Every structure is written in C-alpha cells, then in structure tokens.
Chemist: 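Encoded as structure tokens, here's the structure I'll be asking about.
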Amino acid sequence: MSDSLIEFSHLSKIYDTGEVKTYALRDASCLISSGEFVAIMGPSGSGKSTLMHILGLLDRQTEGSLLFEGKDVSLFDDDRLAQLRNQRVGFVFQSFNLLPRASVFENVEMPLLYDFYSERMNRRARVEAAVASVDMSHRLYYRPNQLSGGEKQRVAIARALVNEPDLIFADEPTGNLDSKSGLQVMSTLQDLNEKGSTIVLVTHETATAEHAKRIIRMQDGSVVGDGHVAHRRFARSLEDAVLK
Ligand SMILES: Nc1ncnc2c1ncn2[C@@H]1O[C@H](COP(=O)(O)OP(=O)(O)OP(=O)(O)O)[C@@H](O)[C@H]1O
Ligand SMILES: [Mg+2]
C-alpha cells in the first residue's frame with residue numbers, strides 16, 4: 001500500500017459575498033495516496049475547481065480538515081503554505097495561464113525563480129529537460145501567441161513539472177484541445193504518473209477520466225462516488241497518434 005498524501009474530511013468552502021452565501025463544498029471527504037492518478041468528475045458548479053484549489057494549497061477551506069502527508073495544513077501560515085506548494089505541487093490550468101510576453105523557456109523557468117537554491121545553469125538544464133519531455137524543444141523561444149492550443153497546454157504542463165513536484169493538479173487540461181492533442185497531454189500525464197508523480201485531474205469527459213486509475217465523483221459540493229477504473233485507457237504515443 002502506498003502512503004497517504006492528502007486526506008480531507010468534512011471539508012466545506014463557503015463563498016460569502018455579503019448578501020449570499022454559496023456552499024461550493026459541503027462535507028467533502030476523501031483520501032488520496034502517493035502515486036495515484038485520480039480523475040475528479042461532476043457537473044458544472046459541483047465544486048471541482050474549488051476542491052482542487054484547496055487540495056493544491058492555493059486556497060483554504062472554511063471548515064473541515066486537510067492533512068498533507070499527515071500534517072494539518074490549516075496550522076501553517078501563508079508563507080509556509082506557499083513554500084510547501086512551490087516545492088511539492090504543480091498546476092495545469094484550463095486557460096493555460098502562460099505569460100504572453102515571455103518565451104516558452106521563460107514561462108517554464110518561472111516556478112524555478114521562486115526557488116532560492118536553484119542555480120542559473122542548473123535551471124537551464126531543468127527547463128530544457130521539462131520542455132523536451134512534452135516534445136516542445138523546437139519551440140523554446142516562441143511566445144504563446146505563436147503556439148497552437150495543444151502546444152500551449154504542453155508548455156503549461158512543462159511548467160507544472162519543471163520543479164519535479166510530487167503532486168500535479170490539472171483542471172480540464174484537455175478541455176480546449178482536439179482529440180489528438182488531448183491524447184498527447186494525457187500520455188504526458190500518464191508518463192509522469194508512471195515515474196511516480198501523483199496526478200489529480202479534473203475533467204467532464206468520461207474518455208479522458210478513463211486514463212486515470214480512479215474516478216471521484218462530485219455533486220453539490222460533496223464526494224458522491226469513488227471507484228477504480230476497470231479498463232484503463234492508455235494514450236497512444238505521439239508517433240502513433242500522428243500516424244493514425
Ligand atoms: N469566488 C467565488 N465567489 C462566489 N461563489 C463562487 C466563487 N467561486 C466559485 N463559486 C461558486 O462555487 C460553486 C462551485 O464552483 P467551482 O468552480 O468549484 O465548480 P466546478 O465544479 O469547478 O464547475 P465547472 O465544471 O463549471 O468548472 C459554483 O456554484 C460557483 O458559482
Ligand atoms: Mg471548474
């Protein structure tokens with residue numbers, strides 16, 4: 001059995017705008033172990049992104065507990081939380097969130113700039129390796145507006161993995177992509193998982209979720225289903241996808 005990486009119980013998140021209170025999460029509980037590949041599914045507004053932001057230490061819950069490797073992170077101040085996040089967690093957002101004026105190299109380098117200890121030469125090697133792992137070495141000095149949607153998403157994945165996080169969150173990473181680019185992104189995530197990264201993926205596409213090993217279902221802010229994927233899909237390699 002692998003170790004518990006994230007354990008959350010009775011989580012709630014209330015957005016209070018003064019007039020209305022929105023329960024984005026209510027009484028959500030689950031455990032995710034190190035090395036898992038989990039897909040979170042559920043209708044729009046069911047709390048998937050909210051949960052991902054809290055589990056990824058970008059936001060805090062209103063009630064309930066969140067343990068990261070057994071440690072109660074609600075006791076951490078913002079600096080300690082940010083440090084843990086920078087060292088351990090990578091994010092891939094649906095809208096890519098790339099800096100428009102920066103090159104592929106500079107975008108991927110960004111998370112390393114927060115890392116006080118990473119030397120400049122070492123940084124270059126790490127950026128180049130991350131970019132190569134998503135097959136984007138030939139576009140190292142392109143800017144985002146010179147890239148296709150699938151290429152931007154692959155750059156966003158390179159940025160998420162450049163600091164070798166053990167935990168990667170991807171919110172609808174294939175949402176804006178054609179099926180070939182989507183398969184390529186899933187293939188990259190599967191490779192990372194096989195190398196030991198824990199992956200938490202939000203998707204509304206069943207076919208995409210079936211690349212994961214486990215599917216958690218959300219409804220109205222709660223976890224309502226949790227099961228292993230019986231017949232897992234494997235993304236074909238880039239060459240196969242191009243040939244077919
Ligand atoms: N900053 C906010 N202020 C107020 N309400 C919010 C805020 N962010 C999210 N919500 C509400 O919380 C609920 C859950 O939102 P969330 O973004 O987590 O849903 P989701 O499952 O990711 O949906 P989608 O599939 O459309 O991305 C929604 O009803 C949303 O309107
Ligand atoms: Mg969302």
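Note that the coordinates shown come from a computational prediction; the quantities given were computed from them, not determined experimentally. Just so you know, these numbers use all the heavy atoms, side chains as well, and skip hydrogens, waters and symmetry mates. Each ligand, and each atom within it, is numbered from 1 in the order the structure gives.
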Chemist: Enumerate the protein N/O/S atoms at a distance below 2.8 Å from the Mg ion (ligand 2), ignoring waters.
Modeler: Ser49 OG

Chemist: Carefully, step by step, assess Ser9 and Ser65 under the rule side chain to side chain donor-acceptor pair (under 3.5 Å).
Modeler: CA-CA 5 Å; Ser9 36; Ser65 78; 3.1 Å; yes

Chemist: To the nearest 0.5 Å, what is the distance between CD (Glu205) and OG1 (Thr203)?
Modeler: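 Atom-to-atom, Glu205:CD and Thr203:OG1 are 4.5 Å apart.
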
Chemist: Would you check ligand 1 and list the protein residues that come within less than 4.0 Å of it by any heavy atom, ordered by chain and number?
Modeler: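 Residue list for ligand 1: Tyr15, Thr22, Ala24, Pro43, Ser44, Gly45, Ser46, Gly47, Lys48, Ser49, Thr50.
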
Chemist: For Tyr15, is the NZ or CZ atom of Lys13 found under 6.0 angstrom from the centre of its six-membered ring and inside 45 degrees of the ring axis?
Modeler: yes

Chemist: Side chain to side chain donor-acceptor pair (under 3.5 Å): which pairs involve residues 221-230, sequence neighbours left out?
Modeler: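 Output for this query lists Arg214-Asp226.
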
Chemist: Whether the side chain of Ser197 engages the backbone of Ile199 through a donor-acceptor N/O pair (distance < 3.5 Å, no angle test) should be reported.
Modeler: no

Chemist: Could you state the interatomic distance from OG1 (Thr198) to CD1 (Ile6), rounded to the nearest 0.5 Å?
Modeler: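 Reported to 0.5 Å precision, the distance equals 7.5 Å.
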
Chemist: List in chain and number order the residues that pass ring-ring contact (aromatic ring centres under 6.0 Å, His included) with Phe93, two or more places apart in sequence or in another chain; answer none if no residue qualifies.
Modeler: Phe91

Chemist: Quick one: do the Asp3 and Ser34 side chains pair a donor with an acceptor below 3.5 Å?
Modeler: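 Not at all, the side chains of Asp3 and Ser34 share no donor-acceptor pair under 3.5 Å.
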
Chemist: Taking atom types as modelled, find out whether Glu63 and His10 have a side-chain donor-acceptor pair closer than 3.5 angstrom.
Modeler: no

